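Keep in mind that what you see is a predicted model, and the values were worked out from it rather than measured.
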Amino acid sequence: MYKKILLNSNIPLKSRLAKIIAYYLRRREARIGWNKRYKIMFKIHPTYNKPALKELEAEHKKYWKDFSGSINISTFRSCKNISGISDPKFIPEEIFFSDIEPTLNNTSSVSFLTYKSFYTKWFSNNCFPSCYFHNVDGEFLDQELNSISFSDVEKIIKELKYPVVFKPNRDTYGGAGVFFPKSQEELLNHLNGRKNFVVQEKIIQHPFFNEFNPVGLNTIRVCLYRSVSDNKIHVLNCTLRMGVGGSLDNVTSGGIACYIDGSGRLNGVSIDKYGKKFQFHPDSGISFSKNIPFFSELIESSINISSQIFYTRLMSLDFSLDINRTWRPIEVNLFDNTIYFAQNAGVPFLGVFTDEVVEYCKKNHWALFLTNRG
């Protein structure tokens, strides 16, 4: 890809050099991050680094060679050894981060949708958690995003039903900064010295999910793709995320994840951040071989919400099923999409759309153009 960028006569040489530097830095960031993760994984599970047949690894490298002359085989080996399935279309994590996602989501114009305070204003679906008040860059806002004083906030706090959810407005990973204040005093303490947050209702999850883990919410991550060929929204894959030992559902904070097949059935095995397998939930003992209730409604809701997101082609939505059997979208993720949930289950993240995405990204790579293509 470096050579293709350098020889791209459609942009000035100075711009080409700038793009090469930007591309190099992005690839370097990905390489360092994933090498560190794989080093830990392979130390814990040495068999996950066991080489596959030479022809299988060669086929994988050949498929992705247009993006890099040196393909890191770690993604392929770990996915193959965890799932028992070999597929050349497993996306190398470094290539997804450096080439695929920034090309499909090559715009910053939708970054405002990563602010949780704006969900209920932008999306016509009213299923997002109700927000009691917000703080945006230090300014307090009411439910309708009107500016209010701190004394107004204190009045709101006195009338709330506890517990509530306190969470950062954006840029949260692994559940960092999320709290569940159980009283007025506890919530007021969380406000001190903080800005850019939202206080929401605490959703009571459906008994089906409560059986797995009653702490926080168990959520289903639905990954979707707006096709470059027909602009239609397609569901790529779904994964149930659960907390363990009091953690939230995020895998990076100690949770586990179980892939869901196209019919809505759990595939029988959950994994943690480094690939440890569980056939039963470590806390509850519930097996991972159940059907997700109201699965078709989940798919319908995820497509409906994603159809209201423009200028981006990859979207990951987190949903919880509440006690009233309603799917409640919790979070919209447009950047840093997680691909290993599906791939560790033996399913290439982009599934049947892999070929069209690869061809599109080779021709429309973000580093080949002066500006974002949107």
Which word best sums up how the rings of [X] and [Y] line up, parallel for under 30°, tilted for 30 to 60°, or perpendicular for over 60°?
| X | Y | answer |
| --- | --- | --- |
| H365 | Y23 | perpendicular |
| F96 | F349 | perpendicular |
| F209 | H206 | perpendicular |

Could you tell me the separation between the [atom1] atom of [X] and the [atom2] atom of [Y], rounded to the nearest 0.5 Å?
| X | Y | atom1 | atom2 | value |
| --- | --- | --- | --- | --- |
| N189 | S183 | CG | OG | 8.0 Å |
| L191 | K195 | CG | NZ | 14.5 Å |
| F353 | S229 | CZ | OG | 7.5 Å |
| F319 | T326 | CZ | OG1 | 12.0 Å |
| K3 | N8 | NZ | CG | 14.0 Å |

- Query: Can you list the steps and then say if K277 with D272 is a salt bridge (Lys or Arg N to Asp or Glu O under 4.0 Å)?
  - Reply: CA-CA 7 Å; K277 298 179 183 179; D272 68 5; over 6 Å; no

Are side-chain heavy atoms of [X] and [Y] found at a separation under 4.5 Å?
| X | Y | answer |
| --- | --- | --- |
| T239 | I260 | no |
| F280 | I286 | no |
| I220 | W327 | yes |
| C238 | V222 | yes |
| V199 | H190 | no |
| N105 | Y311 | no |
| N304 | F123 | no |
| F208 | L321 | no |

- Query: Partners of R28 by side-chain contact (heavy atoms from CB on, under 4.5 Å), sequence neighbours excluded?
  - Reply: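 Expected list: Y24, R31, I32.
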
- Message: Distance alone, cut at 3.5 Å: any donor-acceptor contact between the side chains of N35 and N72?
- Response: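 Yes - a donor-acceptor pair under 3.5 Å links their side chains.
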
Show me the donor-acceptor pairs within less than 3.5 Å that the side chains of residues 46-53 make with the rest of the protein, sequence neighbours left out.
| from | atom 1 | to | atom 2 | distance (Å) |
| --- | --- | --- | --- | --- |
| Y48 | OH | G275 | O | 2.7 |

Is there a donor-acceptor pair closer than 3.5 Å between any side-chain N or O of [X] and the backbone N or O of [Y]?
| X | Y | answer |
| --- | --- | --- |
| K290 | R265 | no |
| E59 | K89 | no |
| W366 | T107 | no |
| S301 | L298 | no |
| S284 | F212 | yes |
| H281 | G243 | yes |
| Q343 | I91 | yes |

- Query: With sequence neighbours left out, what residues match S263 under side chain to side chain donor-acceptor pair (under 3.5 Å)?
  - Reply: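 S263 satisfies side chain to side chain donor-acceptor pair (under 3.5 Å) with D261 only.
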
- Task: Name all residues meeting the side chain to side chain donor-acceptor pair (under 3.5 Å) criterion together with D318; count only those two or more places apart in sequence or in a different chain, and write none if there are none.
- Result: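 Result, side chain to side chain donor-acceptor pair (under 3.5 Å) vs D318: R221, R241, N333.
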
Can you tell me if [X] has over 12 outside heavy atoms packed within less than 6.0 Å of its [atom1]?
| X | atom1 | value |
| --- | --- | --- |
| K4 | NZ | yes |
| E300 | CD | no |
| I204 | CD1 | no |
| Q279 | CD | no |

Go through the structure and list residues passing salt bridge (charged side-chain N to carboxylate O under 4.0 Å, His left out) with [X], not counting sequence neighbours.
| X | value |
| --- | --- |
| E101 | none |
| E359 | K362 |
| K121 | E144 |

Side-chain donor/acceptor pairs under 3.5 Å, residues 153-164, sequence neighbours excluded:
| from | atom 1 | to | atom 2 | distance (Å) |
| --- | --- | --- | --- | --- |
| Y162 | OH | I157 | O | 2.7 |

- Think R37 forms a cation-pi with Y340, using NZ or CZ under 6.0 Å from the six-ring centre and within 45 degrees of its axis?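 Yes - R37 lies over the ring of Y340, closer than 6.0 Å to its centre and within 45° of its axis.
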
- Item | Residues E297, R325: salt bridge by 4.0 Å N-O rule |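 Between R325 and E297 there is no salt bridge, as every charged N stays at least 4.0 Å from the carboxylate O atoms.
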
- Message: Closer than 4.0 angstrom, basic N to acidic O: yes or no for R27 and D99?
- Response: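 Salt bridge flag = yes for D99 with R27.
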
Non-neighbouring partners of [X] that pass ring pair (Phe, Tyr, Trp, His ring centres under 6.0 Å), sequence neighbours left out:
| X | answer |
| --- | --- |
| Y274 | none |
| F140 | F150 |
| F90 | none |

- Message: Listing request: all side-chain hydrogen bond (donor to acceptor under 3.5 Å, both in side chains) pairs with a residue in residues 128-143, at least two apart in sequence or in separate chains.
- Response: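 Pairs touching residues 128-143 that pass the test: S117-H134, S130-E201, D137-N196, E139-S147, D142-N146.
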
